[in-house]
Each structure stands twice: as C-alpha cells, then as structure tokens.
Amino acid sequence: MSDREHLVNHHGRSPILSPGARTLYLKALAGDGRLVRASCTQDENEALQELLAIGLLISDNDEPGSLFAVDPEKLAASLSSTWQRQALDLLARAVSIPGELTDLAEAFHTPDQSGGPIEYVQGRALINQRLQQAMASGMTEGLAMQPGGPRPSEMLTSFLKRDLDIIRTGASMRSIYNASTRYHQPTRDYVATLAKEGWQFRTLDEPYARLLIFDRRLAVIPVAEDNLAAFIHDAAVVNYLAQEVFERNWSRALDFEGDRTVPQQVVSQLRHTIIDLLLSGTNHRVIARRLGISERTLARHIAEMREEYNVDSLFQLGYVLGHASRADRGTTVTAALDPSVTDGLL
C-alpha cells in the first residue's frame, strides 16, 4: 500500500490535515516553498510524515534532503478524483458481495451430510457453531431438554437478545429445565422475559438427557465422550425422539413462567432427593452442586425439614427420615405388587 493509499484509509475523515501539519506546510512556504528535512525538530517529524503521505511535500531529486511544497489546489483535484473512484469501487463491491457469496452461504448453512444420517461433531466451538447455524436457518419450531442446574447469569444475558429475535419471528419454542432452576433468580428473569413473548417453559424433577430438535428434521444429542455430539438427520429417528422422548417428558413436566413461587410438588420432590442424598452420606456441597442450587438454599430446605419433623440435629433428622423413607418404599413395593395396579399393562 502506498503512502497516499494509507492516508486515504486512515485519514478519510475531516480534517484532512492536523494543525501541526498545516503549521509545518506554512513554514515551508515561508522558506521559498522549500524545507530541509534535517531542520525539522523531533516534534515536527510526525507532521512531516503526514505532509509526505498526502503529497503536499515531495523530495527534490536535485537536492537530496530538500523538500518542496506542492500546489494544494492541484493536489486536491487529483486526490478528489482518486478518492471518488475508490469510493465508487467500494460501493460497487458492497452491493455485489451478498450475491457473489450466496452459494458459499448456502453451503455453510446446509452442511454436507455425505457422512450419513448421523454426523458426529467434535469440539465445543464447532458444536456451538453448528447449533447457531440451525437456529439461524429460518427455524419455525424448537424443542429443548436442558438437564443440569441453572446456567451462569452472564450466559443467559448473552442468549437473551438472540432468543427474543427467534421467538419474535413466530417460531414455536418449548424448553424443559431442571426443577432447581426455579430457585435461580437470573433464570427466572430470563424465563419470564421469553415467556411473555410466547416461549413455553416447563421443569422436570427427574433425570433426563440433553436433547435439541430443530423443525423436526434435525436432532442433537450428546455422546458419552466429552465435547462430542451426534447430529441426527434421519426423519424417522428425529420424529421418534420428538414424540417418544420430548413429548413424553413435556407431558410430565410442570409449567414455568419465571414466577417466584415454587409449586409444592417441586419442593416435595426436591426434598425427597435431598433426603436420599443425606442418608447416603453425601456432603452438603456435593448435594447443592448435583441439584443445581446454592448451599444457602440447601441449608434452608434442611432447616425447614428439621422444623417440620421437630428435630434438633441432622442426626435426628436422618433417623426420622430414614424411617419415613423405608415406610414410603414399603408402600411403593406393595402397590407395585398389587394385581389391580399391574393388570392389563403386559
């Protein structure tokens, strides 16, 4: 790139010249239109480079080290013509580039499926890129099962604008979260905002695997290996996952619109899980992490259970809950063996 082209790229805004460059140019005019490079002070060097770049000062071939001033009017006419041609060229390229890259964009948003109806995509970055492609390709329906606890608040914030844009295009969106997300204020805010726009959320308090379905034509599931996902394109398999996995889980899940009040059913199931983990000897930090709640929330549940069972210590609570748990299991076994319950199921 020439000095003049460099100036076009970096000094395209008014003023064209800095005050220091103007002062140095006038100094050259005062010296009969000439300036000795060696006479410039260190402070004037930047201004000197600016004048040389734009072409207001040029070297005198007959006197090395000497510079002479160029007529600004003639230079302005020349630069104006050059810059206008460059601007028109850039404008033409800006107008034509979407059409010229259409075939490449189509190839990018419609990945090659030559590997068969199931693609294995390795690496978190590539998986996320492929998911973004699926969401950006005019999606009309999205189904998601998102296990685990709440996601970080900064992640939810970064997703909000994208998800609002999706739902506002008229897409039908449904998501299943873990019940523990009801205790996470950033998740409640995120859900409440999207629910007002028509996104449907439910929570499920039983274990389930991650599943994403786009327009009933692409399903994405995790593979046992870390950072490996299976992208399934087979219509029969995708439909099976939608109907027999997602819809069945959706029917058992509870509506969630970001409200602060937690349904008693969710509280009861969460406390049953806490009881089982306490009885197995799991420490509080691990329990909180597994359930996706804070240790403070866990401590509150334990305190309320101690009050409910009128005990003073965790040991007493464990003893009482152990008896209650065994009684519940006995009832469950009896019901399971009752012919009136199982008759007709096989």
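Hydrogens, waters and symmetry mates are skipped; everything else that's a heavy atom, side chains included, is used. Position 1 is the first residue of the sequence; numbering continues from there.
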For this session: Give the intermediate values and the outcome of side-chain contact (heavy atoms from CB on, under 4.5 Å) for residues K74 and V70.
Result: CA-CA 8 Å; K74 292 182 179 179; V70 172; 5.8 Å; no
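- Considering all non-hydrogen atoms of both residues, L212 and A144 come closest at CD2-CB, 3.6 Å.
- A donor and an acceptor atom, one from each side chain of S158 and E154, are nowhere located under 3.5 Å apart.
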Requested in this report: Report the C-alpha separation of E247 and R216 in whole Å, then their side-chain angles, then the decisive distance to 0.1 Å, and conclude whether the salt bridge (Lys or Arg N to Asp or Glu O under 4.0 Å) test is met.
Outcome: CA-CA 12 Å; E247 296 293 357; R216 311 260 173 157; 3.2 Å; yes
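- With rounding to the nearest 0.5 Å, the separation of CE in M305 from CG in N310 is 15.0 Å.
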* To do: I would like to know whether Q265 and L254 meet side-chain contact (heavy atoms from CB on, under 4.5 Å); could you show each step before the answer?
  => CA-CA 9 Å; Q265 182 179 343; L254 298 177; 3.8 Å; yes
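- Contact of the V237 side chain with the P117 side chain is not registered, since no non-hydrogen atoms from C-beta on lie closer than 4.5 Å.
- Summarising the local packing, CZ of R124 is surrounded by 12 or fewer heavy atoms from other residues, nucleotides or ligands at distances under 6.0 Å.
- Counting only distance, with no hydrogens or angles, the side chain of S81 and the backbone of A77 share no donor-acceptor pair below 3.5 Å.
- Follow the hydrophobic side-chain contacts under 4.5 Å out from V191 and you reach L160 in the same cluster.
- The minimum heavy-atom distance between A179 and D205, with the atom names listed, is CB-CB, 4.0 Å.
- Using a 4.5 Å heavy-atom threshold, the side chains of Q200 and E257 count as separate.
- Separation of the Y183 and H301 ring centroids falls under the 6.0 Å cut-off.
- In this structure, E244 places its CD atom where more than 12 heavy-atom neighbours from other residues, nucleotides or ligands lie under 6.0 Å away.
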Before you tell me yes or no, could you show the steps for L228 and Y120 under side-chain contact (heavy atoms from CB on, under 4.5 Å), namely the whole-Å CA-CA distance, both residues' side-chain angles and the distance that decides it to 0.1 Å?
CA-CA 7 Å; L228 182 64; Y120 292 96; 4.1 Å; yes
side-chain contact (heavy atoms from CB on, under 4.5 Å) assessment of R217 paired with D234:
CA-CA 7 Å; R217 56 182 176 78; D234 185 278; over 6 Å; no
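- Nearest heavy atom pair, residue A171 against residue I166, reads CB-O, 3.6 Å.
- Counting only distance, with no hydrogens or angles, the side chain of R202 and the backbone of F256 share no donor-acceptor pair below 3.5 Å.
- Taken from OG1 in T297 to CD1 in I302, the straight-line distance is 11.0 Å, to the nearest 0.5 Å.
- In the hydrophobic cluster analysis, where Ile, Leu, Val, Met, Phe, Trp and Tyr join through side-chain heavy atoms closer than 4.5 angstrom, L56 is grouped apart from V36.
- Here the closest heavy-atom approach between residue A195 and residue F201 is recorded as N-CE1, 4.3 Å.
- Ring orientation note: the planes of Y190 and Y177 are close to parallel, at an angle under 30° on the 30°/60° scale.
- In terms of heavy-atom proximity, A230 sits nearest to I118 at CB-CG2, 4.1 Å.
- For the atom pair M145 CE and N249 CG, the distance stands at 4.0 Å (nearest 0.5 Å).
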Before you tell me yes or no, could you show the steps for R85 and D89 under salt bridge (Lys or Arg N to Asp or Glu O under 4.0 Å), namely the whole-Å CA-CA distance, both residues' side-chain angles and the distance that decides it to 0.1 Å?
CA-CA 6 Å; R85 286 196 303 271; D89 179 59; over 6 Å; no
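- T203 and R182 share a donor-acceptor pair across their side chains, judged by distance under 3.5 Å alone.
- Separating the CE atom in M139 from the CG atom in D215 is a distance of 7.0 Å, to the nearest 0.5 Å.
- Inter-residue side-chain proximity for R37 and L52 is flagged as met; some heavy-atom pair is nearer than 4.5 Å.
- Using modelled atom types and a 3.5 Å distance limit, the side chains of R248 and Q243 yield no donor-acceptor pair.
- A 4.5 Å side-chain heavy-atom check between S280 and D276 finds every atom pair outside the cut-off.
- Looking at heavy atoms from C-beta onward, L48 lies in side-chain contact with L57 at the 4.5 angstrom threshold.
- Hydrophobic clustering of Ile, Leu, Val, Met, Phe, Trp and Tyr side chains at less than 4.5 Å, counting indirect connections, unites L51 with L26.
- A donor-acceptor pair under 3.5 Å is formed between the side chain of T193 and the backbone N or O of D189.
- In summary, the side chains of S180 and N178 do present a donor paired with an acceptor at a separation below 3.5 Å, with no hydrogens or angles considered.
- Other residues, nucleotides and ligands contribute more than 12 heavy atoms inside 6.0 Å of the CD atom of E141.
- For the pair R174 and W199, the NZ or CZ position fails the cation-pi test of under 6.0 Å to the six-membered ring centre and within 45 degrees of the ring normal.
- Note that CG of L79 and CG of L75 are 4.0 Å apart. Values are rounded to the nearest 0.5 Å.
- Residue pairs meeting the side-chain hydrogen bond (donor to acceptor under 3.5 Å, both in side chains) criterion with at least one member in residues 22-33, sequence neighbours excluded: K27-E44.
- Hydrophobic clustering (ILVMFWY, side-chain heavy atoms < 4.5 Å, transitive): I97 and L88 are in distinct clusters.
- You'll find the side chain of S172 stays beyond 4.5 Å of the side chain of T140, heavy atoms only.
- No side-chain heavy atom of R151 sits less than 4.5 Å from a side-chain heavy atom of H184.
- Considering I167, D163, L194 in turn, I167 is the only one that fulfils the side-chain contact (heavy atoms from CB on, under 4.5 Å) rule with M173.
- Looking only at side-chain heavy atoms (C-beta outward), Q146 and R210 come within less than 4.5 Å of each other.
- Using a 4.5 Å cut-off between side-chain heavy atoms of Ile, Leu, Val, Met, Phe, Trp and Tyr, with links allowed through other members, V286 and I274 fall into different hydrophobic clusters.
- For L91, the CG atom counts as densely surrounded, since its 6.0 Å shell holds more than 12 non-hydrogen atoms of other residues, nucleotides or ligands.
- For F231 against I127, the heavy-atom pair with the smallest separation is CZ-O, 4.1 Å.
- Within the model, atoms CG of L270 and NE2 of H272 stand 10.5 Å from one another, a figure rounded to the nearest 0.5 Å.
- Around CD of E46, the count of heavy atoms belonging to other residues, nucleotides or ligands within 6.0 Å does not exceed 12.
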